[in-house]
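We use all heavy atoms of the structure for the numbers below, so side chains are in, but hydrogens, waters and symmetry mates are not.
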Amino acid sequence: MDEEEFEKVGNELLLTATKLEPDNIIYKMVYLGSILDADQQFYRQAVIEAASKVKETFRGIGCLNRYFRQVLYRLDKKA
């Protein structure tokens, strides 16, 4: 599989996850962030709403928790 195919599969998985758990703000934020023509206001609102959930969900001290906090906590990043 080439990079384009991986990206397509990843986006499909994000959409599926968002449909299966529409109230999961982390899924929603990541999905909106993956759509090039997504409404930036909706994405920014999702980033704000997801921030505390990301910190709560990945609050452990291990490497994976640190990694997911770094990738998913987007308040300090341009959105």
Side-chain angles (χ1 to χ4, degrees):
M1 223 186 273
D2 67 9
E3 190 175 323
E4 227 174 83
E5 289 174 289
F6 274 120
E7 185 174 349
K8 182 180 177 190
V9 169
N11 287 340
E12 289 170 0
L13 290 172
L14 284 171
L15 178 58
T16 300
T18 302
K19 286 180 178 179
L20 289 173
E21 292 188 45
D23 294 332
N24 187 314
I25 189 61
I26 296 173
Y27 291 169
K28 179 180 178 181
M29 174 192 66
V30 175
Y31 176 67
L32 289 172
S34 74
I35 302 172
L36 294 177
D37 60 344
D39 185 319
Q40 289 301 302
Q41 181 179 349
F42 288 128
Y43 173 65
R44 183 67 183 157
Q45 186 60 39
V47 166
I48 293 166
E49 291 174 19
S52 62
K53 185 68 174 171
V54 168
K55 283 187 164 184
E56 174 189 325
T57 303
F58 303 104
R59 68 179 175 265
I61 59 171
C63 291
L64 282 175
N65 280 293
R66 189 172 59 220
Y67 169 77
F68 284 114
R69 277 193 312 269
Q70 181 181 354
V71 170
L72 297 173
Y73 188 82
R74 300 179 178 183
L75 269 183
D76 300 331
K77 300 173 185 172
K78 289 190 178 199

Fill in: Selection residues 47-64 - residue pairs positive for side-chain hydrogen bond (donor to acceptor under 3.5 Å, both in side chains), sequence neighbours left out
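Non-adjacent pairs meeting side-chain hydrogen bond (donor to acceptor under 3.5 Å, both in side chains): Q45-E49.
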Gap between atom [atom2] of [Y] and atom [atom1] of [X] - 0.5 Å precision:
{"X": "L32", "Y": "D39", "atom1": "CG", "atom2": "CG", "result": "9.0 Å"}
{"X": "Q70", "Y": "R66", "atom1": "CD", "atom2": "CZ", "result": "8.5 Å"}
{"X": "Y31", "Y": "K28", "atom1": "OH", "atom2": "NZ", "result": "12.0 Å"}

Practice prompt. Quick one: list whatever passes side-chain contact (heavy atoms from CB on, under 4.5 Å) with Y67, sequence neighbours left out.
Written response: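 With neighbours one apart ignored, the set is V71.
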Quiz: residues 15-27 side-chain donor-acceptor pairs under 3.5 angstrom, not counting sequence neighbours:
residue	atom	partner	partner atom	Å
T16	OG1	E12	O	3.0
T18	OG1	L14	O	2.8
N24	OD1	I26	N	3.0
N24	OD1	Y27	N	3.0

Discussion item. Determine whether a donor-acceptor pair (N or O, by modelled atom type, separation under 3.5 Å) exists between the side chain of R74 and the backbone of V47.
Written reply: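 Not at all, since once roles are kept as given, no pair shorter than 3.5 Å links the two residues.
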Worksheet entry | Flag if over 12 foreign heavy atoms under 6.0 Å of CD, E3 |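 Not more than 12 within 6.0 Å, no.
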Discussion item. Quick check: closest heavy atoms across A51 and Y73, and the distance to 0.1 Å?
Written reply: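 Heavy atoms only, the tightest pair is CB-CE1, 3.5 Å.
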Discussion item. For a 4.5 angstrom cut-off between non-hydrogen side-chain atoms, does R44 reach L75?
Written reply: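 Sidechains of L75 and R44: in contact.
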